[in-house]
Amino acid sequence: KSFNNDYILFKNKVFKRRPIYIHAFNLVNYLSKYLSKMQLEKMLLNNDDFSEKKFKLITDKLGKFIALGCRFNPSGRVEANLTNHEFKIVVYHLLKVFPNHKIIILSDEVGCDKFSNVIHNKEDRILFSAFISTGFLESTAISIAADIFFQLRGGGISIPRIYSNKPYL
């Protein structure tokens with residue numbers, strides 16, 4: 001098929017099979033400045049976007065909770081990983097500041113396995129997403145349903161919350 005009359009965003013990169021996701025933040029930020037407040041609200045994620053039964057079965061039984069995104073990948077971008085010491089400091093601080101909330105640790109199975117072994121006194125208010133959900137979409141639903149979302153350093157689970165109408169830090 002000829003693409004002569006079509007406009008393809010990042011055409012050179014697409015045809016060379018180069019990643020374009022790295023431009024997504026800038027593109028969405030640039031385009032969103034032209035949206036009305038109502039259009040922007042429609043674009044941003046909220047609890048209604050995760051109202052399907054499979055998501056509600058998870059989030060409804062959690063009660064009041066906050067979410068903590070914790071990245072751990074032993075083989076890639078290790079500088080973005082949360083250290084054990086940082087994890088303990090953040091979790092114990094959140095337990096103190098939010099005494100009436102559960103803390104849901106959002107990570108993949110590798111991260112949840114690692115961080116579940118860092119907390120030695122198994123606090124019943126700390127739950128791990130990989131042990132209560134089946135993947136990224138369910139973890140995203142947890143992220144959006146949380147009263148507030150925290151993350152120190154990098155990780156993909158923070159992206160949905162950034163593009164929501166809910167607070168994050």
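Count residues from 1 along the sequence. Basis for what follows: all heavy atoms, side chains included, without hydrogens, waters or symmetry-related copies.
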As a quick check of understanding, evaluate side chain to side chain contact (heavy atoms under 4.5 Å, CB included) for Ile126 and Ile105, giving each step before the final call. CA-CA 7 Å; Ile126 301 171; Ile105 307 302; 3.9 Å; yes
What's the verdict on side chain to side chain contact (heavy atoms under 4.5 Å, CB included) for Phe149 and Ser158, showing C-alpha distance, side-chain angles and the deciding distance? CA-CA 8 Å; Phe149 176 89; Ser158 65; 3.8 Å; yes
Run Val91 and Val118 through side chain to side chain contact (heavy atoms under 4.5 Å, CB included) and show every step you take. CA-CA 11 Å; Val91 167; Val118 172; over 6 Å; no
Ile132 and Leu62: CA distance, side-chain angles, deciding distance, side chain to side chain contact (heavy atoms under 4.5 Å, CB included) verdict: CA-CA 10 Å; Ile132 61 172; Leu62 293 174; 4.0 Å; yes
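Under the 4.5 Å side-chain heavy-atom criterion for ILVMFWY residues, a single connected hydrophobic cluster contains both Ile119 and Phe150. Both Leu82 and Leu95 belong to a single network of hydrophobic side chains, linked directly or stepwise wherever heavy atoms of I, L, V, M, F, W or Y lie under 4.5 Å apart. Leu31 and Phe10 fall within a single hydrophobic cluster, where Ile, Leu, Val, Met, Phe, Trp and Tyr are joined by side-chain heavy atoms under 4.5 Å apart, directly or via other members. Each of Ile162 and Ile148 belongs to its own hydrophobic cluster when Ile, Leu, Val, Met, Phe, Trp and Tyr are linked at side-chain heavy-atom distances under 4.5 angstrom. Leu127 and Leu137 end up in different hydrophobic clusters when Ile, Leu, Val, Met, Phe, Trp and Tyr side chains are linked at under 4.5 Å.
Within 6.0 Å of the CD atom in Glu86, the count of heavy atoms belonging to other residues, nucleotides or ligands exceeds 12. Within a 6.0 Å radius of NZ in Lys33, other residues, nucleotides and ligands contribute more than 12 heavy atoms.
In this structure the side chain of Glu79 reaches within 4.5 angstrom of the side chain of Arg77, judged on heavy atoms. Taking the side chain as every heavy atom from C-beta outward, Leu27 and Leu9 approach each other to under 4.5 Å. At least one side-chain heavy atom of Lys166 sits less than 4.5 Å from a side-chain heavy atom of Asn47. Within the 4.5 Å cutoff, the side chain of Phe131 has heavy atoms near those of the Asp113 side chain.
In this structure, Cys70 and Ser107 approach most closely via the heavy-atom pair O-OG, 2.7 Å. Across all non-hydrogen atoms, the minimal contact from Tyr34 to Gln39 is O-OE1, 4.3 Å. When all heavy atoms of Cys112 and Phe128 are compared, the closest pair comes out as SG-CB, 3.8 Å. Closest heavy-atom contact between Asn100 and Lys64: O-CB, 3.8 Å. Contact record, Arg161 with Ile144: NH1-O, 3.6 Å, taken as the closest heavy-atom pair. Ser143 approaches Ala67 most closely through the heavy-atom pair CA-CB, 4.5 Å.
Annotation: the span from Leu68 atom CG to Phe98 atom CZ amounts to 11.0 Å, rounded to 0.5 Å.
Using a distance-only test at 3.5 Å, with no hydrogens or angles considered, a donor-acceptor pair links the side chain of Ser51 to the main chain of Asp48.
A side-chain contact (heavy atoms from CB on, under 4.5 Å) with Arg71 is found for exactly one of Val78, Asp108, Asn81, namely Asn81.
Relative ring orientation between Phe72 and Phe115 is described as perpendicular, the plane-to-plane angle rising above 60° on a 0-90° scale split at 30° and 60°.
Checked against the 6.0 Å centroid criterion, the rings of Tyr168 and Tyr163 do not qualify as a close aromatic pair.
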